[in-house]
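Chain identifiers are assigned alphabetically (A, B, ...) following the order of the sequence lines, protein sequences preceding nucleic acid strands; residue numbering begins at 1 within each chain. From a predicted model like this one, the values you see are computed outputs, not experimental measurements.
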Amino acid sequence: MKIKSIRGFHDILPESIKRWHFVEDAAKRIFELYGFSEIRIPVLEFTDVFSRSLGTTTDIVEKEMYTFTDRDGSSLTLRPEGTAGIVRAYIENSMHAKSSITKLYYTGMMFRHERPQKGRFRGFYQIGAELIGPQEPSSDAELVVMLWRFFEEIELTPFLVLEISSLGDQNCRPQYKEKLVQYFAPQKEELCEDCQRRLQVNPLRILDCKQKRCKEIAANAPSMLDNLCEECETHFNYVKENLLSVGIPFTINPKIVRGLDYYTRTVFEITTDKLGSQNAVAAGGRYDGLVEELGGPATAAVGFAMGMERIVLLQEIALPEGFQKKVDVFIAYLGEEAKKAAFPLAFNLRKKGVSVETDYGSKSLKSQMKRADKLGANFTFIIGEEELKQGVVKVRDMKESKEEDIKFEDIINLSETFQP
RNA sequence: GUGCGUGUAGCUCAGGUUGGUUAGAGCACUGGGUUGUGGUCCCAGGGGUCGCCGGUUCAAAUCCGGUCACGCACCCCA
């Protein structure tokens with residue numbers, strides 16, 4: 001048996017890591033600008049943390065978690081998403097007592113036992129942010145704006161659509177659910193098997209069923225947005241107004257139903273039509289009940305998570321070129337003496353911030369030049385017997401194909417000229 | 001979890017239907033043409049358990065079964 005990675009888990013190789021850094025750096029920069037701080041939490045939690053917060057009837061909890069029993073018999077789960085663990089950490093560290101407003105972001109691998117597909121993995125990276133404390137709609141809006149700003153920063157917005165909706169709250173959602181059940185019940189026989197089950201457990205989910213007949217029936221179903229209580233409607237309108245005031249383009253899609261039970265009021269999704277059926281790039285919403293549900297003080301919160309693999313995939317489509325690593329200087333040497341002289345030269349140039357590559361063996365000048373070219377070196381330094389004798393380095397400008405002898409002792413002072 | 005498709009060199013792919021000597025190409029890699037000069041060109045070389053396991057056969061990359069992985073759709077979701 002050849003050794004290999006687990007199904008649905010993948011390596012991110014050096015040739016694509018620049019894109020990952022680009023995306024991660026932009027996220028960190030923007031999020032910090034909006035006052036968020038990074039938090040790092042464990043990958044493994046007690047299973048309760050997830051089953052209590054995500055809702056026991058969700059697919060994630062029902063059939064997608066990597067759950068196993070620890071040596072002492074306790075049930076542990078590899079995190080399938082970030083929010084539950086953040087809230088656990090928020091409560092455990094009494095963060096509510098340190099400040100009434102807590103802004104956190106995180107990155108890391110999540111685990112879901114799904115059938116792998118393009119843009120869907122069993123081990124995948126997410127970046128997410130949580131704004132815990134305020135219940136006012138301007139916090140929802142700020143979070144959505146920040147997310148959109150991030151996508152603007154990495155130039156992906158031309159490929160993206162932002163959709164928002166409201167799921168109501170403890171007051172209006174139960175009534176709405178009741179209305180939905182009443183609407184669907186008479187046509188129950190025509191719904192697909194899944195939806196017949198959903199009618200019992202979570203009628204909201206019928207709204208985003210993809211079956212043709214279910215869609216037809218759902219088309220005339222009452223909308224949550226027409227059934228919001230006054231507080232929820234005011235909240236939703238305020239969010240929309242805030243978004244409009246800064247020119248963030250969005251559409252309202254009352255059919256957005258989040259996969260996790262903890263959401264209340266505002267929900268949003270950013271999707272693309274460039275990635276096939278795994279079209280959600282980022283999604284989130286308000287979850288005012290979760291902190292209390294997990295044993296903390298009643299605390300409002302909004303958050304989102306985005307899928308790194310999907311963003312990087314999109315990024316490759318948007319910007320196919322321009323992420324190759326470049327070297328400032330390649331030092332080519334001929335002979336053992338020159339090799340020994342090249343070593344401290346490389347050391348000192350790197351100390352000055354110049355990126356330097358060299359050979360390690362004793363290849364021909366030709367093959368060293370070839371490698372310099374392949375690495376995209378701006379300059380190649382050639383050191384041979386002649387140069388050693390004269391105490392110079394032959395500096396070749398690779399783009400201009402021009403050469404110039406520079407004295408060994410002057411090279412370091414000129415280091416800035418070798419960087420683009 | 002379901003359906004369909006694909007799996008041959010590091011990469012992209014021929015060959016397979018009509019089983020038959022050493023399984024090919026381009027790119028990449030190494031070396032040489034130019035005993036010290038890249039990106040073009042020419043020459044040569046290295047590299048393949050034909051995804052894996054089993055079956056049919058004198059003989060399997062080729063036919064059959066299973067399995068694994070990937071892709072697409074369902075599902076789900078970031």
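The residue among A/R310 and A/G276 whose nearest nucleotide of RNA chain B is located toward the 5' end is A/G276. Where A/G8 and A/L334 each meet RNA chain B at their nearest nucleotide, the meeting point lying more 5' is that of A/L334.
To the nearest angstrom, P of B/A78 lies 13 Å from CD1 of A/I311. A/R112 has its CZ atom 6 Å from the C1' atom of B/A78, to the nearest Å. Atom CZ in A/F124 sits about 8 Å away from atom C1' in B/C77, given to the nearest Å. Here the C1' atom of nucleotide B/G39 and the CD atom of A/E400 are 14 Å apart, to the nearest Å. Between the C1' atom of B/A78 and the CE atom of A/M306 lies a distance of 10 Å, rounded to the nearest Å. The nearest whole Å value for the distance from the CD atom in A/E24 to the P atom in B/A78 is 19 Å. Atom CG in A/L13 sits roughly 15 Å away from atom P in B/G10 (whole-Å rounding). Atom C1' of nucleotide B/C70 and atom CZ of A/R122 are separated by 13 Å, given to the nearest angstrom.
Side-chain polar atoms of A/S165 and A/N253 form no donor-acceptor pair below 3.5 angstrom. Looking at A/Y105 and A/E32, their side chains do bring a donor and an acceptor atom within 3.5 Å of each other. No side-chain N or O of A/E24 forms a donor-acceptor pair with one of A/T107 less than 3.5 Å apart. A side-chain N or O of A/D140 and one of A/H235 form a donor-acceptor pair less than 3.5 Å apart. Remark: the A/E130 side chain and the A/Y287 side chain contain an N/O donor-acceptor pair separated by less than 3.5 Å. For the residue pair A/S53 / A/R88, no side-chain donor-acceptor distance below 3.5 Å is found, with atom types taken as modelled.
Residue A/E403 places a side-chain atom within donor-acceptor reach of the base of B/U37, judged by atom type and a 3.5 Å distance cut-off alone. A donor and an acceptor atom never sit less than 3.5 Å apart when one is taken from the side chain of A/R115 and the other from the base of B/C77.
Proximity of A/S401 to the phosphate of B/U37: no side-chain N or O atom is located under 4.0 Å from OP1 or OP2. A close approach under 4.0 Å does occur between a side-chain nitrogen or oxygen of A/S277 and OP1 or OP2 of B/C74. Phosphate proximity of B/A69 to A/R7: present, with a side-chain N or O under 4.0 Å from OP1 or OP2. Contact between the side-chain N/O atoms of A/K370 and the OP1/OP2 oxygens of B/U30 is not found at any separation under 4.0 Å. Contact annotation: A/Q117 reaches the phosphate of B/A73 (side-chain N/O to OP1 or OP2, under 4.0 Å).
In RNA chain B, the stems built from three or more successive Watson-Crick or G-U pairs (distances below 3.5 Å) are B:1-7 with B:68-74, B:10-13 with B:24-27, B:29-33 with B:41-45, B:51-55 with B:63-67.
Proximity of A/V144 to A/F250: side-chain heavy atoms (C-beta onward) are nowhere separated by under 4.5 Å.
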With a cut-off of 3.5 Å and sequence neighbours excluded, list every side-chain donor-acceptor pair involving residues 393-400 of chain A.
| unit_1 | atom_1 | unit_2 | atom_2 | d |
| --- | --- | --- | --- | --- |
| A/K394 | NZ | A/D405 | OD1 | 3.3 |
| A/R396 | NH1 | A/E403 | OE2 | 2.8 |
| A/D397 | OD1 | A/K399 | N | 3.0 |
| A/D397 | OD1 | A/E400 | N | 3.1 |
| A/K399 | NZ | A/N378 | OD1 | 3.1 |

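When distances are taken from the side chain of A/K366 to each of B/G38, B/C29, B/G36, the shortest belongs to B/G38.
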